[in-house]
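Accompanying notes for the structure given below.
Just the heavy atoms: all of them, side chains too, but no hydrogens, waters or symmetry mates, feed the values below. Computed from a predicted structure; not experimentally measured.
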Amino acid sequence: MKLFADSACDLPKSFYAEHLVELFPLRVHIGEQEYEDVIGIDSKQVYEEIRKGAHPKTSQASPENFLRVFEELAKSGEEGLYVAFSSALSGTYSTAVMMREQVMETYPDLKLTIIDSKCASLGYGLLVQEAARLKEQGLNLQTIEEKIRFQAEHMEHLFTVEDLDYLAQGGRVSKASAFIGGLLNIKPLLHVEDGKLVPIEKIRGRKKVIKRMIEVMEERGERLDEQVVAISHGDDEETALALKQMIEEKFNPKSIEIYLIGSTIAAHTGPGTLALFFLNKLD
């Protein structure tokens, strides 16, 4: 069985080779240059460019790449599973589905399952890691698909941004909200609902919003001591480590993984973003 993921899962570059996961990179545009996320540019460079005043744009994974890889899969006769970035945040999932249909016109026996994770960043990354783990255990495609669909449905995303302007540029919040937020040191607490970014609360000050993240985690999380929890950050490891310590002291999860938010999502959230991922139901 072959496993596929795209770069919006925010896992480190080394993960794909180590676990034999084929990567579909989304694309990042800075000025006149286009880069393949993870392969052609890393997120540290994107944060540096943003701090210099650049406004990166992003586009979905290449249709030609999907076509080529799906044709190879069809010719090999192997089964494939692609866990994809939320369809509400990118056209990547629907393009992949379209390319699968195109390949099936020539190769009707193509065995490829595509899951719309409705997740982003390490909420999505945890699903990819779990799919790789289950595959390495020798589980069959149907069992892996069922488990990943269940976890995708129960994945919580809690996040806050340092500067609302980046979400305003991407049309996620209004320009007026961003302006007032900056003026009053208002930090939004957001989550993901049916694959879309949705604000939950507005809180004054970064320390208070982080404290609130822990409270919401306690309200929503189930058996947190049995979970792998993930934190992703917008080039602010210090705050991510402080959040990790707070979570360890309160919930003592199985493990806590911390990674940098990747280029695709960084372009829309900016430096200083902090995100937390865990399950609200284990089984």
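Follow the hydrophobic side-chain contacts under 4.5 Å out from M98 and you reach M104 in the same cluster. V229 and F251 fall within a single hydrophobic cluster, where Ile, Leu, Val, Met, Phe, Trp and Tyr are joined by side-chain heavy atoms under 4.5 Å apart, directly or via other members. Linking ILVMFWY residues whenever their side-chain heavy atoms come closer than 4.5 Å, directly or via other members, leaves L158 and L197 in distinct clusters. Linking ILVMFWY side-chain heavy atoms closer than 4.5 Å, directly or via other members, places L243 and V161 in two distinct hydrophobic clusters. The hydrophobic cluster containing I115 also contains L73, counting ILVMFWY residues as joined when their side-chain heavy atoms lie under 4.5 angstrom apart, directly or transitively.
Side-chain atoms of K135 and I144, non-hydrogen and from C-beta on, do get closer than 4.5 Å to each other. Residues S43 and S263 are in side-chain contact: their nearest non-hydrogen atoms beyond the backbone lie under 4.5 Å apart. Annotation: side chain of K250 is not in contact with side chain of M217 (no heavy-atom distance under 4.5 Å). Put simply, the side chain of K111 does not reach to within 4.5 Å of the side chain of L141, judged on heavy atoms. Considering only heavy atoms from C-beta on, E222 stays 4.5 Å or farther from L279 through its side chain. Side-chain contact between L11 and L122 is present, with at least one heavy-atom pair separated by less than 4.5 Å. Using a 4.5 Å cut-off on side-chain heavy atoms (C-beta onward), Y259 and D10 make no contact. Counting heavy atoms from C-beta on, the side chains of T160 and P188 come closer than 4.5 Å.
No side-chain donor-acceptor contact under 3.5 Å links Q45 and E49.
In this structure, R100 contributes its side chain and L112 its backbone to a donor-acceptor pair below 3.5 Å. A donor-acceptor pair under 3.5 Å links the side-chain atoms of D116 to the main chain of S87, judged by distance alone. Under a 3.5 Å cut-off, the side chain of D6 and the backbone N or O of F85 do form a donor-acceptor pair. Although no hydrogens or angles enter the test, the distance criterion places no donor-acceptor pair under 3.5 Å between the side chain of T143 and the main chain of L139.
Shown here for P56 and I30, the closest heavy-atom pair between the two residues is CB-CG1, 4.0 Å. The shortest heavy-atom contact between G234 and I261 is N-CD1, 3.8 Å. Among all heavy-atom pairs drawn from L127 and C119, the shortest one is CD1-SG, 3.9 Å. Scanning all heavy atoms of the two residues, the minimum distance from V83 to S117 falls at CG1-CB, 4.2 Å. Scanning all heavy atoms of the two residues, the minimum distance from D37 to V28 falls at CB-CG2, 4.2 Å. What you find for A267 and I50 is that their closest heavy atoms are CA-CD1, 4.4 Å.
Distance check: T264 OG1 to L89 CG gives 11.5 Å after rounding to the nearest 0.5 Å. Between atom CD1 of residue I258 and atom CD of residue E237 there is a gap of 6.5 Å, rounded to the nearest 0.5 Å. The CE atom of M246 sits 11.5 Å away from the CD1 atom of I256 when rounded to the nearest 0.5 Å. Rounding to the nearest 0.5 angstrom, the gap separating the NZ atom in K75 from the CG atom in D109 is 15.0 Å. In this structure, CD in E201 is found 10.0 Å from NE2 in H191, a value given to the nearest 0.5 Å. Atom-to-atom distance recorded for N65:CG and T95:OG1 is 12.0 Å, nearest 0.5 angstrom.
The local environment of CD in E238 is sparse, with at most 12 non-hydrogen atoms from other residues, nucleotides or ligands closer than 6.0 Å.
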**OP:** Step by step, work out the side-chain contact (heavy atoms from CB on, under 4.5 Å) result for R220 and F278.
**Re:** CA-CA 9 Å; R220 297 185 180 185; F278 56 92; 4.0 Å; yes
Original post:
Where do M213 and V216 land on the side-chain contact (heavy atoms from CB on, under 4.5 Å) test, with the steps shown first?
Top reply: CA-CA 5 Å; M213 284 169 96; V216 176; 6.0 Å; no
Original post:
Passes side-chain contact (heavy atoms from CB on, under 4.5 Å), E162 versus K187? Steps please.
Top reply: CA-CA 7 Å; E162 183 64 11; K187 303 298 176 199; 4.1 Å; yes
**OP:** Show your working on side-chain contact (heavy atoms from CB on, under 4.5 Å) between E64 and L67 and close with a plain yes or no.
**Re:** CA-CA 5 Å; E64 297 79 16; L67 198 59; 5.5 Å; no
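Between K147 and E130, none of the side-chain N atoms (NZ, or NE/NH1/NH2) sits under 4.0 Å from a carboxylate O, so this pair counts as no salt bridge. Using a 4.0 Å cut-off between charged side-chain N and carboxylate O, R149 and E145 make a salt bridge. A salt bridge links R68 with E72: the distance from a Lys NZ or Arg NE/NH1/NH2 to an Asp or Glu carboxylate oxygen falls below 4.0 Å. Taking a cutoff of 4.0 Å between a charged side-chain nitrogen and a carboxylate oxygen, R51 and E48 do not qualify as a salt bridge. Look at E219 and R212 and you find a salt bridge, because one of the NZ, NE, NH1 or NH2 atoms lies within 4.0 Å of a carboxylate O, short of that distance.
Paired with I210 under the rule side chain to side chain contact (heavy atoms under 4.5 Å, CB included), one option of R206, K207, K208 passes, and it is R206. Just one of L241, L274, L276 meets the side chain to side chain contact (heavy atoms under 4.5 Å, CB included) condition when paired with H233; it is L274.
Identified under the ring pair (Phe, Tyr, Trp, His ring centres under 6.0 Å) test for residues 104-158, with sequence neighbours left out: F150-H154, H157-F277.
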For residues 12-27, which side-chain N or O atoms pair as donor and acceptor with protein atoms under 3.5 Å away, sequence neighbours left out?
| unit_1 | atom_1 | unit_2 | atom_2 | d |
| --- | --- | --- | --- | --- |
| H19 | ND1 | E136 | OE2 | 2.7 |
| R27 | NE | Q60 | O | 3.0 |
| R27 | NH2 | Q60 | O | 3.0 |

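The ring of F66 has its center closer than 6.0 angstrom to the ring center of Y82.
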